2 protein chains.
Amino acid sequence: MGGRSTVTARVLDVLGAFTADTPQLTLTEISRRTALPLTTAHRLVGELAAWGALERADDGRYGVGLRLWEVGALAPRGLGLRDAAMPYLEDLHEVTRHNVQLAVLDDVEVVYVERLAARDAVSILTRAGSRMPLHATAVGLVLLAFADPDLQERVLAAPLRRFTPMTLCDPDEVRRMLGEVRRTGVAISDRQIELVSQSIGAPVRGPSGEVVAALSIVVPAEGNPHAYVPAVRTAARGIGRALARSN
Amino acid sequence: MGGRSTVTARVLDVLGAFTADTPQLTLTEISRRTALPLTTAHRLVGELAAWGALERADDGRYGVGLRLWEVGALAPRGLGLRDAAMPYLEDLHEVTRHNVQLAVLDDVEVVYVERLAARDAVSILTRAGSRMPLHATAVGLVLLAFADPDLQERVLAAPLRRFTPMTLCDPDEVRRMLGEVRRTGVAISDRQIELVSQSIGAPVRGPSGEVVAALSIVVPAEGNPHAYVPAVRTAARGIGRALARSN
DNA sequence: GGCATCCTTCCGCACAACGGAAGTGTGGTC
DNA sequence: GACCACACTTCCGTTGTGCGGAAGGATGCC
């Protein structure tokens with residue numbers, strides 16, 4: 001948004017107008033969201049659609065096109081990681097039948113790269129491509145715990161969003177938690193996102209030992225989280241090894 | 001690439017320069033592929049990277065960024081379909097342990113939307129986001145068989161690429177095959193892509209009965225393909241129902 | 001040192017993008 | 001049937017933004 005307006009920025013603004021909540025937009029809606037004059041939006045959208053970056057549905061609304069999806073699938077952190085991780089996610093999911101998630105750090109947020117949902121799952125709090133803050137989820141805590149200290153302070157300096165009464169919103173509490181995560185190598189987020197669930201996360205390490213992603217499993221609040229720790233840890237290590245193998 | 005040069009087209013050309021074979025490119029390479037002067041490529045790439053559409057690796061090369069991956073993940077045919085299909089793909093994969101693939105039609109090609117690989121799979125002929133011609137793979141034959149007759153003729157009029165001695169490259173042979181696919185509701189591609197494998201495909205139908213995607217399983221050449229037909233068919237129907245449920 | 005490759009910054013000119021105005025097409029209301 | 005509201009499309013003259021040549025680092029190799 002804003003500032004200096006280069007054509008490229010406008011094009012990207014148009015793409016950015018599409019969100020998980022509203023993946024289909026009318027031209028007027030795009031124009032409103034990007035603050036571009038209708039005429040301009042019309043031209044840009046037309047060019048994007050001609051290339052396949054956007055697609056026009058039968059009802060006239062625009063959505064993201066397959067071509068853009070293809071290009072996006074080339075994102076190294078998205079695809080390479082996903083390929084390596086998939087078998088392990090499947091195993092974990094197959095055995096436990098709970099939601100399993102893989103996420104990476106991007107700026108000050110968690111981005112979910114993959115998620116295997118319980119068959120009958122209704123709640124779609126997260127899906128591949130969605131973002132969450134770092135302080136409340138198990139994957140977030142893992143990624144934050146092993147992140148650059150500068151980033152940690154930056155995140156803790158900003159207001160920490162409350163999801164439930166259990167969410168840790170005090171920087172010092174979070175700091176203590178991060179220490180524990182570093183010590184144990186596992187993060188447990190107990191009802192910090194929803195009161196009905198807790199999640200157990202572990203770091204996925206790249207060839208040189210740095211944390212490149214985090215894996216988590218979401219289980220009902222009443223279960224004993226520690227029961228899942230070995231499985232999650234094993235899966236995370238397996239992914240790390242698979243990554244190293246695939247260079 | 002082509003003809004008239006609008007800025008948008010240039011931006012998209014830059015994105016299009018990234019392919020599955022070479023997901024990481026140096027600036028000079030991008031400039032060469034897009035036929036843009038180095039200076040221009042530099043500016044565009046800079047703007048794209050600032051937004052997060054591209055990311056710069058440690059070695060200075062550029063790759064597709066997470067942000068673009070996120071937007072791409074919103075593609076309705078990519079994500080909605082994938083969400084509905086995943087459980088069924090997993091089941092099929094779990095039971096058979098063979099490669100399972102989900103694909104949609106885009107223009108005159110198949111685009112793979114998801115693929116669950118056998119754990120020890122070495123050959124990565126296809127991956128999520130890759131394209132294949134319509135006449136040789138099981139998913140391709142399914143999609144072509146139920147496609148617009150105009151499209152069928154357009155595809156058959158063009159030269160049909162040969163992958164193995166088994167590939168059907170004669171338009172009439174393919175036409176006969178398509179008829180069979182329509183009659184039986186299943187496509188079998190016997191060693192038409194690789195001599196070591198065959199694939200069995202079935203159509204996934206949307207709420208109004210039209211074919212929106214195709215599902216296939218890849219098995220060793222020596223097996224009996226018909227043994228897999230019921231499982232593939234059931235999975236494809238299941239995905240169709242899941243799609244209808246999710247609107 | 002000299003050469004090759006790759007990347008980055010600068011800046012004046014030209015042409016492509018901009019966006020106001022006007023036109024088309026649909027659906028709703030009285 | 002006349003009117004309005006809304007969403008989209010086309011046209012075209014003006015202007016400001018992107019263009020890309022030239023020159024300046026940075027790094028590596030012989």
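The sequence lines fix the lettering, A, B, ..., with proteins before strands; numbering per chain opens at 1. Because the structure is a prediction, the values reported are computed rather than measured.
A donor and an acceptor atom, one from each side chain of A:Thr22 and A:Thr19, are located under 3.5 Å apart.
Among the heavy atoms of the strands, none lies under 4.0 Å from A:Arg61.
Every residue two or more places apart in sequence or in another chain was checked for a side-chain contact (heavy atoms from CB on, under 4.5 Å) with A:Ala157, and none qualifies. Remark: B:Ala213 engages B:Leu81, B:Leu102, B:Val104, B:Val204 in a side-chain contact (heavy atoms from CB on, under 4.5 Å) (not counting sequence neighbours). Considering only residues two or more places apart in sequence or on other chains, B:Pro23 meets the side-chain contact (heavy atoms from CB on, under 4.5 Å) condition with none of them. Looking at residues two or more places apart in sequence or on another chain, you find a side chain to side chain donor-acceptor pair (under 3.5 Å) between B:Glu70 and A:Arg131. Taking the side chain to side chain donor-acceptor pair (under 3.5 Å) definition, one finds that A:Arg10 meets it with A:Ser5, sequence neighbours left out. Residues satisfying the side chain to side chain donor-acceptor pair (under 3.5 Å) test with A:Arg162, not counting sequence neighbours, are none. Under the side-chain contact (heavy atoms from CB on, under 4.5 Å) criterion, B:Val7 pairs with A:Val7, A:Thr8, B:Val11, sequence neighbours left out. Applying the side chain to side chain donor-acceptor pair (under 3.5 Å) test to B:Glu29 and every residue at least two apart in sequence or in another chain returns B:Arg32, B:Arg33.
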Per-pair distances, 0.1 Å, donor-acceptor, side chain in residues 143-152 of chain A, under 3.5 Å, sequence neighbours excluded:
| unit_1 | atom_1 | unit_2 | atom_2 | d |
| --- | --- | --- | --- | --- |
| A:Gln152 | NE2 | A:Leu144 | O | 2.9 |
| A:Gln152 | NE2 | A:Ala145 | O | 3.2 |
| A:Gln152 | NE2 | A:Ala147 | O | 3.1 |

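Where B:Val7 and A:Gly60 meet DNA chain D, the nucleotide closest to each residue was compared, and A:Gly60 sits on the side nearer the 5' end.
To the nearest angstrom, P of D:dG24 lies 17 Å from CG of B:Leu38. Nucleotide D:dT27 holds its C1' atom 14 Å from the CG atom of B:Asp59, rounded to whole Å.
Residues from residues 23-32 of chain A lying near DNA chain D, meaning a heavy-atom separation below 4.0 Å, are A:Thr26, A:Leu27, A:Thr28 in numerical order.
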Between the protein and nucleotides 19-25 of chain C, which nitrogen or oxygen pairs come in under 3.5 angstrom?
| unit_1 | atom_1 | unit_2 | atom_2 | d |
| --- | --- | --- | --- | --- |
| C:dG19 | OP2 | A:Thr40 | OG1 | 2.7 |

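With a 4.5 Å cut-off on side-chain heavy atoms, A:Leu44 and A:Ile30 do not count as touching.
Put simply, B:His42 has a side-chain N or O that comes within less than 4.0 Å of OP1 or OP2 on C:dT8.
End-to-end axis angle of the helix from C:dG1-D:dC30 to C:dC30-D:dG1, using five pairs per end and rounding to 10°, comes to 30°.
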